[in-house]
2 protein chains.
Amino acid sequence: MQPPTTCAAPEVQLFKALTHPTRLAILDLLRGGEQCVCHLEAQLGLRQAYLSQQLALLRAAGLIADQRVGMNVYYRVARPELFALLDTARAIVGGSPLAADPAAACPCPKCITITLPHPERNDPC
Amino acid sequence: MQPPTTCAAPEVQLFKALTHPTRLAILDLLRGGEQCVCHLEAQLGLRQAYLSQQLALLRAAGLIADQRVGMNVYYRVARPELFALLDTARAIVGGSPLAADPAAACPCPKCITITLPHPERNDPC
DNA sequence: TAAGTATATTCCATTTTTTGCATATCGTGT
DNA sequence: ACACGATATGCAAAAAATGGAATATACTTA
């Protein structure tokens with residue numbers, strides 16, 4: 001409880017969720033639509049448990065939503081305005097929307113079976 | 001140094017500067033134009049030293065700029081896009097742009113001499 | 001039901017951030 | 001030069017974020 005001048009400011013929680021390179025990278029990967037965890041894991045080259053922690057944080061902040069399909073869990077951005085927010089932020093600091101490593105192919109069975117020839121963009125498996 | 005997938009992400013620094021109710025309140029007070037420190041001090045009801053620390057942080061982040069006029073220092077938002085960022089953030093989390101306490105009049109001589117009758121908006125003294 | 005795969009959670013040590021206090025600095029007027 | 005008002009900075013204790021390891025849960029398939 002602080003003086004009435006320093007209000008609760010729910011935006012703070014939103015910004016806190018965004019103060020992390022990994023979490024920003026995750027959101028960027030979700031620009032192309034929902035992605036399964038294994039995809040994110042492969043593209044970012046991070047350990048599963050660690051990635052799951054960050055996903056849980058973003059989920060708790062209400063920024064992403066998950067949907068279970070068979071064996072996999074697909075995540076998507078819950079509020080599309082988030083992308084506008086990230087774009088504005090980049091316009092201010094002059095950053096680039098993350099160069100998703102095209103060489104890192106997703107090892108999940110879904111992607112392997114389909115064998116996409118030109119992974120130009122993040123395709124939903 | 002992290003794997004190439006987790007890039008430096010300068011946005012993180014921007015968001016970090018925004019993860020604080022006081023700093024958000026300061027930026028909101030600057031919506032109406034530049035304000036002297038004593039103004040912010042009075043409106044927010046915070047100790048001067050503490051406020052100055054937050055201002056220094058925002059300054060270091062390149063979000064605000066200061067200008068010395070006589071005895072006082074006036075701060076203004078360096079990147080107007082910041083307001084768009086804050087607006088988008090509020091659209092996501094559903095917050096209000098801070099109800100600046102109209103009862104708290106600025107005690108600095110500049111404001112007292114002018115004796116503004118209707119402080120409806122943040123006027124630059 | 002049992003095993004296997006995909007994803008989540010909990011615990012913990014380390015590092016970073018926060019915040020209040022004391023004090024320093026800078027410009028102004030006398 | 002001196003004192004004063006306005007603002008800034010350094011420091012230390014408390015609080016929070018970070019990232020790793022082990023482990024738990026939830027489907028699916030056999």
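Since the structure is predicted, the reported quantities are computational estimates derived from the model, not experimental observations. Residue numbers begin at 1 in each chain, while the letters A, B, ... track the order of the sequences.
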Distance below 4.0 Å between A:R23 side-chain N/O and D:dT18 OP1 or OP2: yes

Ion pair check, A:D28 and A:R90, cut-off under 4.0 Å: yes

Euclidean distance, atom OH of residue B:Y75 to atom P of D:dT7 [Å, nearest integer]: 9 Å

Min side-chain heavy-atom separation A:L82-A:L85 under 4.5 Å: yes

Euclidean distance, atom CD of residue A:Q67 to atom P of C:dT7 [Å, nearest integer]: 13 Å

Any A:R59 side-chain N or O less than 4.0 Å from OP1/OP2 of C:dT9: yes

A:R47 CZ to D:dA22 C1', straight-line distance once rounded to whole Å: 11 Å

Below 4.0 Å: OP1/OP2 of D:dG19 and any side-chain N or O of A:H20: yes

Listed nucleotide nearest any side-chain atom of B:C38, set D:dT7, C:dC21, C:dA8: D:dT7

Rounded distance (Å) that lies between atom C1' of D:dA16 and atom NZ of B:K16: 12 Å

Residue-phosphate contact under 4.0 Å: B:S52 side-chain N/O, D:dT7 OP1/OP2: no

Whole-Å gap separating C1' (D:dA16) and CD (A:Q53): 15 Å

Donor-acceptor pair present, B:Q48 side chain and D:dA6 base, under 3.5 Å: no

Atom of B:I64, atom of B:L55 and distance for their closest heavy-atom approach: CD1-O, 3.5 Å

Carboxylate-amine/guanidinium contact B:D87 B:R31, below 4.0 Å: yes

Donor-acceptor contact present, side-chain A:R68 to main-chain A:V73, <3.5 Å: no

Under 4.0 angstrom between A:R68 side-chain N/O and C:dT7 OP1 or OP2: no

Between C1' of C:dG20 and CD of B:Q54, the distance in whole Å: 12 Å

Euclidean distance, atom CG of residue A:D66 to atom P of D:dC27 [Å, nearest integer]: 11 Å

side-chain N/O A:Y50 vs C:dT7 OP1/OP2, d < 4.0 Å: no

Atom pair distance, as rounded to whole Å: CE in A:M71 and C1' in D:dT29: 9 Å

